[in-house]
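Below is one structure, written out as structure tokens, with a few remarks after it.
Chain naming here is simple, since letters A, B, ... match the order of the sequence lines and numbering starts at 1 in each.
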Amino acid sequence: MPVYLINISKYNLLISIKFSWRTPDDKMEIQEVHIHESKKDFQDYLKKKNDIEISDENGHEKLNLTLKKLREIIIDYFEGKKLDLYSTIQNLNVNLNLQEKFKTNFSLGVIQVLLKTRPGETTDYYTIAKKIGTNAYRAVGNILRNNPLPLIIPCHRVIKKNGNLGGFGGAIGDCWKTRLKKLLLKIEGVNGFS
DNA sequence: AGGTCATCTCACC
DNA sequence: GGTGAGATGACCT
């Protein structure tokens with residue numbers, strides 16, 4: 001399966017997008033998004049998943065166009081334009097296939113509530129749980145921990161109810177992933193995490 | 001059936 | 001204002 005790489009030189013980050021492409025209807029589907037702190041980090045990821053290969057913009061013409069737009073959108077986002085990546089990317093006729101990625105009502109509910117947040121806003125695990133009619137705030141974290149579409153599904157906007165940052169990218173505590181969460185919030189205009 | 005959490009609350013210092 | 005234990009619910013094996 002092909003993976004498309006976007007270099008965010010401003011922050012020294014690599015965004016990899018694993019996707020599939022169906023020719024009859026020219027539909028792109030995004031399977032996974034990963035954020036890498038370095039080239040080595042990305043290469044380790046490539047090695048671990050032996051079913052993927054880097055895709056340059058030299059395939060199908062329509063695919064090239066979609067990938068090019070995708071790159072522009074992501075770069076705009078990191079430039080600080082407050083884009084709703086989920087709807088913007090869907091407008092490219094890209095299928096994100098949430099039904100396939102979130103199979104239970106609970107997990108789908110978590111995602112749907114989360115997708116209503118706007119850049120610059122934050123919410124918390126407890127509030128999300130309440131909105132789908134349960135107290136299972138820890139389970140909300142479990143779902144977000146496995147978010148296959150970071151950035152697009154804005155799990156970085158979920159912080160703790162007491163105002164602390166909470167985890168990101170499967171990690172808690174001070175590490176590059178939580179620093180990345182701070183960076184994303186800062187890019188969206190949320191200050192207070194320095 | 002039992003283990004794992006990206007949490008929360010409350011009772012202690 | 002920091003720490004630790006217990007509650008807790010959905011998920012995974």
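With a 3.5 Å ceiling on both atom-pair distances, the Watson-Crick or G-U wobble partner of B:dT7 is C:dA7.
Within 4.0 Å (heavy atoms only), A:L144 reaches at least one base atom of the nucleic acid. Here A:A136 lies in heavy-atom contact (under 4.0 Å) with sugar-phosphate atoms only. Contact annotation for A:G166: no contact, since no heavy-atom pair falls under 4.0 Å across all strands. Counting any heavy atom pair closer than 4.0 Å across all strands shown, A:Y126 reaches sugar-phosphate atoms only and no base atom.
Distances shown here put every side-chain N or O of A:R138 at or beyond 4.0 Å from the OP1 or OP2 atom of B:dT7. For C:dA10, one of the phosphate oxygens OP1 or OP2 lies less than 4.0 angstrom from a side-chain nitrogen or oxygen of A:T134. Remark: A:K103 is not in phosphate contact with C:dC11, judged by side-chain N or O atoms under 4.0 Å from OP1 or OP2. Checking the phosphate oxygens (OP1, OP2) of B:dA6, no side-chain nitrogen or oxygen of A:T178 falls inside 4.0 Å.
Side-chain contact check for A:H156 and A:E188: at least one donor-acceptor pair (N or O, by modelled atom type) lies under 3.5 Å.
Whole-Å rounding puts the A:N147 CG to C:dC11 P distance at 15 Å. Distance, A:I172 CD1 to B:dC8 P: 12 Å, rounded to whole Å. In this structure, A:N162 places its CG atom 9 Å from P of B:dT9, rounding to the nearest Å. To the nearest angstrom, P of B:dA6 lies 18 Å from CG of A:L184. Straight-line distance from the CG atom of A:N164 to the C1' atom of B:dT7: 11 Å, rounded to whole Å. Between the P atom of C:dG9 and the CD1 atom of A:I143 lies a distance of 15 Å, rounded to the nearest Å. For the pair A:K130 NZ and B:dC8 P, the interatomic distance rounds to 13 Å; values are reported in whole Å. Atoms OH (A:Y125) and P (B:dT9) sit 14 Å apart, rounded to a whole Å.
Salt bridge status for A:K62 with A:D26: present, with a side-chain N to carboxylate O gap under 4.0 Å. Ion pair A:K161/A:D124 not flagged as a salt bridge, since none of the NZ, NE, NH1 or NH2 atoms sits closer than 4.0 Å to an Asp/Glu carboxylate oxygen. A:K49 has a carboxylate O that lies under 4.0 Å from a charged side-chain N of A:E32, or vice versa, which qualifies the two as a salt bridge.
Across the interface with DNA chain B, nearest-nucleotide mapping of A:N142 and A:T127 shows A:N142 to be the residue nearer the 5′ end. If A:Y137 and A:N146 are placed on DNA chain C by their nearest nucleotide, the residue sitting closer to the 5' end is A:Y137.
The cationic group of A:K177 does not satisfy the cation-pi geometry with A:F168, failing either the under 6.0 Å distance to the six-membered ring centre or the 45° limit from the ring axis.
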